[in-house]
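Since the structure comes first, as structure tokens, the remarks are kept for the end.
Note that this is a predicted model, so its numbers are computed, not measured.
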Amino acid sequence: MMSAVQWMLINIIPFLLVLSLVVTVHELGHFLVARWLGVAVDRFAINFGRPILKWNDKSGVEWRIGWIPLGGYVRFTGDAEASSSVPDAAALETMRADIATREGPGAEQHYFHFKPVWVRALVVAAGPVANFLLAIALFAVLLSAVGETVVRPRVGEVLPGTAAEAAGFKTGDVVKAIDGRRINDFMQLKQYVALRSGEAIRFEVERGSQTVDLIATPVRRVEIDRFTGAPTQMGGLGIKSSDRPGDIYRKRYSPPEALVGGVRRSWDILETTVFYLGRLVRGLESGDQLGGPLRIAATSGAAAKAGADGATDLGGKLLGGGVALLSLAAVLSVGIGFMNLLPVPVLDGGHLLFYAYEATFRRPLGARIQAAGYRVGLALLLGLMLFATWNDLTQLQVFKTIRGLFS
């Protein structure tokens, strides 16, 4: 059994590389748009805690790298804390007077909180937008430089006693569309079915020279994640993909095609995430697919290993592992961009919600209401993190791994 120390060495380094890339780009989005719109910035920080490295650029911005690798922030001039919480009207007047006394009348125009609400909204939204752009760029580069393996959505085998058999699927069928959506890869079929257990799905199937419409209802089953080994409940039909010659091929993209592919893939991940959360809220899905840092770490290590396994030399292993991690970073970047847009105080989406109120009523939300909102938002966020971490600890069998350290 792998010891806890071995698990950490194999998984933590790839995890930190992926997380650092995604967080850095997110914070750069905030930073670059803030500077472009004339907002004064005091600090750009990657990671939290005491700095292990810091320096000041010519404009006076302090750049620092902390020792706790779990995030980052941009601190605008005048912020009391990294969250850039929205001051109410009374607090703004106090800040304005203090700035005028210290720096002279009009100096507050460069401070974030005295910028027009549309400027502040753009600065806040720039972080999640940067994450989406990073995902698109990474997918586009990978599709253009490496391509992708495509498995034609042909039925290689229909398992007996399954939803596919009951629906009338036959070996050799080629699925052309699902609920009216055209598909060209067996993985698209599998991913669509996975989150629709108990829902009737319409399949357009090519059978020889005929086109047949079939209705199948996926059945929930337990599958083992190929990267982490964690059991996950998802819908399945009971069909296997074809291994015929020509049904599995490598597809390469021109740069314009790769860019379109990057946009489409990022949108598919976002759409799938929203759909899953909607079913989760309605009680139609279990929460076992929600994972935290431990699962991301396990996935990072496993993805890097899987990407490197096919190579025979060190250079090939590094390239294969790097490609796998960049693909994972793209997926994670979409997730972080979406999560930060949720209308929860302490997240970017919560700030945008407060700015929407300010734009509508011409004044900031009251300090007490904001404070209560931040407490509720923080409690929700911590609760979600604890739930996800508990999923990680139980499904990844971390308890057994830790016991192995002392055996």
Side-chain angles (χ1 to χ4, degrees), residues 3-35 39-85 112 123-124 126-128 130-131 134-135 137-138 291-305 308 314 318 321-322 324-326 328-330 332-333 335-337 339-340 346-348 378 381-382 385-386 388-389 392 398 401-402 405:
S3 72
V5 173
Q6 289 173 318
W7 188 92
M8 291 178 64
L9 290 175
I10 292 173
N11 295 288
I12 292 302
I13 293 177
F15 165 66
L16 293 181
L17 291 174
V18 168
L19 185 65
S20 296
L21 172 63
V22 173
V23 169
T24 299
V25 169
H26 179 95
E27 298 304 333
L28 274 174
H30 292 311
F31 176 80
L32 293 175
V33 173
R35 296 299 299 270
V39 178
V41 178
D42 283 343
R43 180 184 297 164
F44 184 99
I46 298 299
N47 305 335
F48 295 112
R50 292 180 178 274
I52 56 177
L53 180 65
K54 66 176 181 177
W55 68 96
N56 289 76
D57 63 20
K58 294 180 180 179
S59 62
V61 178
E62 178 190 84
W63 297 75
R64 63 160 61 186
I65 300 175
W67 69 275
I68 304 176
L70 290 176
Y73 62 90
V74 175
R75 175 170 289 175
F76 303 113
T77 301
D79 276 352
E81 51 184 322
S83 66
S84 298
S85 56
F112 177 77
V123 171
V124 168
N131 281 130
L134 172 63
L138 289 177
L294 291 175
R295 185 174 304 194
I296 298 173
T299 303
S300 300
K305 183 178 183 300
L314 179 60
L318 290 175
L325 288 180
L326 287 178
L328 177 62
L332 182 62
S333 193
I336 287 181
M339 186 187 74
N340 273 279
V346 312
L347 297 178
D348 292 333
L378 184 60
L381 197 59
L382 289 175
M385 291 178 63
L386 287 172
T389 301
D392 294 346
V398 173
T401 303
I402 293 174
L405 177 63

(message) Checking Thr24 now: which residues fulfil side-chain hydrogen bond (donor to acceptor under 3.5 Å, both in side chains) with it, not counting sequence neighbours?
(response)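 Not a single residue meets the side-chain hydrogen bond (donor to acceptor under 3.5 Å, both in side chains) criterion with Thr24.
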
So, for [X] and [Y], which heavy atoms are closest and what is the spacing to 0.1 Å?
X	Y	value
Ala126	Gly29	CB-O, 3.2 Å
Val22	Leu134	CA-CD2, 4.1 Å
Ala34	Val123	CA-CG2, 3.8 Å
Leu138	Leu326	CD1-O, 3.7 Å
Ala135	Ala330	CB-O, 3.4 Å
Asp348	Val124	O-CG1, 3.4 Å

Report the distance from atom [atom1] of [X] to atom [atom2] of [Y], rounding to the nearest 0.5 Å.
X	Y	atom1	atom2	value
Arg50	Arg64	CZ	CZ	10.0 Å
Asn47	Ile52	CG	CD1	7.0 Å
Glu62	Arg75	CD	CZ	9.0 Å
Ile336	His26	CD1	NE2	8.5 Å
Ile46	Leu28	CD1	CG	6.5 Å
Ile65	Phe44	CD1	CZ	9.5 Å

(request) Could you walk me through whether Tyr73 and His30 pass the side chain to side chain contact (heavy atoms under 4.5 Å, CB included) test, one step at a time? (result) CA-CA 9 Å; Tyr73 62 90; His30 292 311; over 6 Å; no

(message) So Ser59 and Arg35, do their side chains get closer than 4.5 Å, heavy atoms only?
(response)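 Yes, at least one pair of side-chain atoms sits under 4.5 Å.
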
(request) Could you check if a side-chain atom of Leu21 sits within less than 4.5 angstrom of a side-chain atom of Leu332, using non-hydrogen atoms only? (result)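 No - every pair of side-chain heavy atoms lies 4.5 Å or more apart.
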
(request) Could you check whether the rings of Phe31 and Trp63 sit parallel, tilted or perpendicular, using 30° and 60° as the cut-offs? (result)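 It falls in the perpendicular class, over 60°.
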
